Amino acid sequence: MDFHYIEDIVKLEGERTTIKGWLQNKSSKGKIQFLWIRDGTGIIQGVMVKGEVSDEVFELYDQLTQESSLEVTGIVRKDQRAPGGYELNLSDVKIVQIAQDYPITPKSHGSTFLFDHRHLYLRSKRPRAVLKVRDELIWAIRSYFYKNNFVLIDTPILTGAVGETTTTLFETEYLNEGTAYLAQTGQLYLEAAIASFGKVFCFGPTFRAEKSKTRRHLTEFWMVEAEEAFYDNEENMDLQEDLVVYFVDWILEKCQKELKELERDISALEKVQKPFPRISYDEAVEKLQKAGSDIQWGSDFGGTDETILTKMFERPVFVYDYPKVCRAFYMKPHPEREGVVLCADLLAPEGYGEIIGGSQRNDDYESLKKRIEEENLPKDAYRWYLDLRKYGSVPHSGFGLGVERTVVWICGLSHIRESIPFPRTIYRLYP
RNA sequence: UGGGGUGUAGCAGAGAGGCAAUGCAUCCGGUCGUUAACCGGGAGAUCGGAGGUUCGAAUCCUCCCGCCCCAGCCA
């Protein structure tokens with residue numbers, strides 16, 4: 001290659017090198033001019049002093065605009081005054097393309113404007129930091145499952161009428177087979193795969209056509225789901241706890257720079273250590289009522305309830321054993337309590353709320369069949385799922401973790417749209 | 001789908017019946033070390049749209065449109 005990356009600049013001190021990238025900003029002091037160049041791996045300051053470069057190159061400065069693409073050549077110099085400690089003493093500047101009126105200026109903008117220009121906004125510092133954390137989070141999760149002998153099972157995105165309940169699904173014509181739905185979970189397919197591999201996971205986009213207009217919802221989001229044969233609800237929680245501690249450690253190790261850029265309180269993340277508190281749904285309701293919530297036993301927590309509850313803890317907290325009425329049909333009934341199912345949600349602390357939903361699955365043919373009938377689900381579509389309870393059914397559990405909500409928590413964001421490169425929300429399909 | 005709010009120059013943002021501030025971006029000039037630089041000057045707005053009240057409307061009223069926030073649903 002005839003150029004170097006900014007991340008390698010330290011090794012090149014004293015050498016002449018070429019950097020290719022984009023002009024983040026520039027500044028002129030008359031006889032000395034600065035260019036800040038970004039190449040994807042970092043940012044470096046280029047310096048041109050009148051008399052030390054040819055007049056021809058020095059005057060190119062006037063043509064350069066924010067986000068113009070360029071190739072610059074110069075000698076790498078250590079200098080206290082440079083951001084990052086190193087700068088490039090320029091001898092040559094080649095313009096690749098001049099950007100015309102880049103819309104995102106280095107001043108404040110509203111969120112509507114920024115997300116209308118998401119294709120350009122991706123270049124800004126804050127989105128870069130968030131998306132880097134997202135990337136590391138995904139690597140961490142995959143690494144965890146790989147190390148723990150989970151097998152990746154890619155579940156279908158186009159599905160028939162199977163899913164969790166009757167939440168609104170995106171529909172599309174499917175050749176001669178009628179209507180297909182975009183997947184809202186891969187779980188049922190993972191349950192099929194455990195009899196083959198024991199421990200499996202899937203990682204993909206999921207879709208919900210709910211017209212939610214909150215800071216916690218996207219219509220397209222990424223979910224990692226795991227399913228484990230012979231795990232009960234307790235063991236399922238142990239696994240989730242282990243996974244969360246693993247990826248938080250990973251991010252703390254690899255993303256210091258990004259978390260600092262986002263002004264995240266790192267000490268709050270450092271408190272994410274085992275064991276996580278585990279409270280029953282009954283206890284949670286009691287705590288909430290004492291805190292002034294008007295929640296009644298039998299209903300699910302609202303966003304406000306989750307916020308109140310998680311602010312009571314410094315670590316993520318499990319809430320287990322919810323009423324059957326507010327959970328999905330496939331969860332295993334509690335052996336000793338009528339109307340309660342074996343499940344647990346993991347709520348992130350500091351008010352962030354639910355990031356994982358998990359449960360022990362109903363492994364009994366008759367009782368599951370009855371639940372499917374009770375929920376008025378299309379029986380034919382679930383025939384194969386019921387089959388799994390006929391041929392070597394075993395106790396098993398699993399969970400789903402929302403990638404974006406986890407990114408929101410780790411980065412300390414206030415809106416989920418920042419946690420994904422191109423958010424799809426109720427009113428946004430572009431860019 | 002409800003409840004609340006908002007819309008003024010490319011962007012951000014004052015003005016709340018009487019000549020539409022200001023900052024950034026842009027254009028011109030200046031400045032030998034900047035970190036969202038600074039100093040001086042110029043240009044840029046039929047105030048979201050359509051009606052109405054008024055001598056006079058960005059400002060008050062009605063309807064429409066866009067967006068934001070909150071709730072529900074959930075990851």
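Because the structure is a prediction, the values reported are computed rather than measured. Naming convention: chains lettered A, B, ... in sequence-line order (proteins, then strands); numbering from 1 in each chain.
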A.B. asks: Taking syn as within 90° of 0 and anti otherwise, name the glycosidic form of A36(B).
C.D. replies: anti
A.B. asks: I'd like to know if E306(A) pairs up with R216(A) as an ion pair, taking the criterion as any Lys NZ or Arg NE/NH1/NH2 lying under 4.0 Å from an Asp or Glu carboxylate oxygen.
C.D. replies: yes
A.B. asks: Can you tell which of U34(B), C74(B), C32(B) lies closest to the side chain of S27(A)?
C.D. replies: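 The nucleotide sitting nearest to the side chain is U34(B).
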A.B. asks: Please give, in whole Å, the distance from C74(B) C1' to L218(A) CG?
C.D. replies: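 One finds 12 Å between C1' of C74(B) and CG of L218(A), rounded.
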A.B. asks: Rounded to whole angstrom units, what separation is found between the NZ atom of K211(A) and the C1' atom of C73(B)?
C.D. replies: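 Distance check: K211(A) NZ to C73(B) C1' gives 13 Å.
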A.B. asks: Between G40(B) and C47(B), how far apart are the C1' atoms? Round to whole Å, please.
C.D. replies: 30 Å
A.B. asks: Look at D238(A) together with K274(A) and state whether they make a salt bridge at an N to O cut-off of under 4.0 Å.
C.D. replies: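 Between K274(A) and D238(A) there is no salt bridge, as every charged N stays at least 4.0 Å from the carboxylate O atoms.
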A.B. asks: Can you check the distance between A43(B) and G29(B), where both ends of the measurement are the C1' atom (answer in whole Å)?
C.D. replies: 15 Å
A.B. asks: Using a 4.0 Å heavy-atom cut-off across all strands, classify P83(A) as base, sugar-phosphate, or nothing.
C.D. replies: base
A.B. asks: Report the secondary structure of RNA chain B in dot-bracket form, marking unpaired bases with a dot and bases paired to a different strand with |, and treating Watson-Crick or G-U pairs with both distances under 3.5 Å as paired.
C.D. replies: ((((((((.[[[..)..(...]]]..((((.......))))......[[[[[..)....]]]]])))))))....
A.B. asks: Identify which nucleotide among A71(B), U1(B), G33(B) has an atom closest to any side-chain atom of T214(A), counting heavy atoms from C-beta outward.
C.D. replies: A71(B)
A.B. asks: Report which part of the nucleic acid T206(A) touches: base, sugar-phosphate, or nothing (heavy-atom distance under 4.0 Å, all strands).
C.D. replies: nothing
A.B. asks: Does any donor-acceptor pair link the side chain of E87(A) with the base of G33(B) at a separation under 3.5 Å?
C.D. replies: yes
A.B. asks: Find the distance R81(A):CZ to G33(B):P and express it as a whole number of Å.
C.D. replies: 9 Å
A.B. asks: In whole angstrom, what separates I426(A)'s CD1 from A71(B)'s C1'?
C.D. replies: 13 Å
A.B. asks: Starting from P on U34(B), measure out to CG on L90(A) and report it in whole angstrom.
C.D. replies: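 Those two atoms, CG and P, are 18 Å apart.
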A.B. asks: Quickly work out the H217(A) NE2 to C74(B) P distance and round it to whole Å.
C.D. replies: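 In whole Å, C74(B) P lies 8 Å from H217(A) NE2.
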A.B. asks: So H109(A), base contact, sugar-phosphate only, or nothing? Heavy-atom distance under 4.0 Å.
C.D. replies: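 Sugar-phosphate contact only - H109(A) comes under 4.0 Å of backbone atoms but never of a base.
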A.B. asks: For S28(A), which contact category applies under a 4.0 Å heavy-atom criterion: base, sugar-phosphate, or nothing?
C.D. replies: base
A.B. asks: Indicate whether any N or O donor in one side chain lies under 3.5 Å from an N or O acceptor in the other, for E210(A) and T219(A).
C.D. replies: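 There is no such pair between these side chains.
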A.B. asks: Has K199(A) got a side-chain atom pairing as donor or acceptor with N148(A)'s backbone, closer than 3.5 angstrom?
C.D. replies: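 Such a contact is found between K199(A) side chain and N148(A) backbone.
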A.B. asks: Can you tell whether the side chains of R337(A) and D321(A) come within less than 4.0 Å, N to carboxylate O?
C.D. replies: no
A.B. asks: Contact class for L401(A) vs. all strands (heavy atom < 4.0 Å): base, sugar-phosphate, or nothing?
C.D. replies: nothing
A.B. asks: May I ask you to verify if any side-chain N or O of S212(A) is less than 4.0 angstrom from the OP1 or OP2 atom of G72(B)?
C.D. replies: no
A.B. asks: Which part of the nucleic acid does Q24(A) contact within heavy-atom distance under 4.0 Å: base, sugar-phosphate only, or nothing?
C.D. replies: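 No contact at all - Q24(A) keeps every heavy atom at 4.0 Å or more from the nucleic acid.
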A.B. asks: Sticking with atom C1', work out how far G23(B) lies from U8(B), rounded to a whole angstrom.
C.D. replies: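 G23(B) and U8(B) have their C1' atoms separated by 15 Å.
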A.B. asks: Between Y144(A) and W250(A), does the ring centre distance come in under 6.0 Å?
C.D. replies: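 Ring-ring flag for Y144(A)/W250(A): false, centres at least 6.0 Å apart.
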A.B. asks: Within the structure shown, what part of the strands sits under 4.0 Å from W36(A) by heavy-atom distance: base, sugar-phosphate, or nothing?
C.D. replies: base
A.B. asks: Could you list, one pair per line, each protein nitrogen or oxygen that sits under 3.5 Å from a nitrogen or oxygen of nucleotides 64-69 of chain B, together with the distance?
C.D. replies:
{"unit_1": "C67(B)", "atom_1": "O2'", "unit_2": "T112(A)", "atom_2": "OG1", "d": "2.9"}
{"unit_1": "C69(B)", "atom_1": "OP1", "unit_2": "R417(A)", "atom_2": "NH1", "d": "3.3"}
{"unit_1": "C69(B)", "atom_1": "OP1", "unit_2": "R417(A)", "atom_2": "NH2", "d": "3.1"}

A.B. asks: Of the nucleotides G33(B), C74(B), U26(B), which one has an atom closest to the side chain of D101(A)?
C.D. replies: U26(B)
A.B. asks: Less than 4.0 angstrom from a charged side-chain N to a carboxylate O is my criterion; do R278(A) and E241(A) meet it?
C.D. replies: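 Between E241(A) and R278(A) there is a salt bridge, with a charged N closer than 4.0 Å to a carboxylate O.
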A.B. asks: Is R123(A) paired with E67(A) through a side-chain N to carboxylate O contact shorter than 4.0 Å?
C.D. replies: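 The answer is yes: the pair qualifies as a salt bridge.
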A.B. asks: Determine, for K257(A) against E261(A), whether the closest basic-nitrogen to carboxylate-oxygen distance falls under 4.0 angstrom.
C.D. replies: no
A.B. asks: I'd like the C1' distance from A21(B) over to A58(B), given in whole Å.
C.D. replies: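 Straight-line distance between the two C1' atoms is 13 Å.
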A.B. asks: Verify the stacking flag for F221(A) against A75(B): centroid separation must be under 5.5 angstrom and the ring planes must differ by under 30 degrees.
C.D. replies: yes
A.B. asks: Given the structure, check if the side chain of Q45(A) and the base of U34(B) hold any donor-acceptor pair shorter than 3.5 Å.
C.D. replies: yes
A.B. asks: Please check if the distance between the ring centroids of F115(A) and F113(A) is under 6.0 Å.
C.D. replies: no
A.B. asks: Looking for any heavy atom pair under 4.0 Å, which part of the strands does R126(A) touch: base, sugar-phosphate only, or nothing?
C.D. replies: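 No contact at all - R126(A) keeps every heavy atom at 4.0 Å or more from the nucleic acid.
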A.B. asks: Are the charged groups of R264(A) and E350(A) less than 4.0 angstrom apart, N to O?
C.D. replies: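 Here R264(A) pairs with E350(A) in a salt bridge, since their nearest N and O are under 4.0 Å apart.
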A.B. asks: Looking for any heavy atom pair under 4.0 Å, which part of the strands does F113(A) touch: base, sugar-phosphate only, or nothing?
C.D. replies: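 Since only primed, P, OP1 and OP2 atoms lie under 4.0 Å of F113(A), the category is sugar-phosphate.
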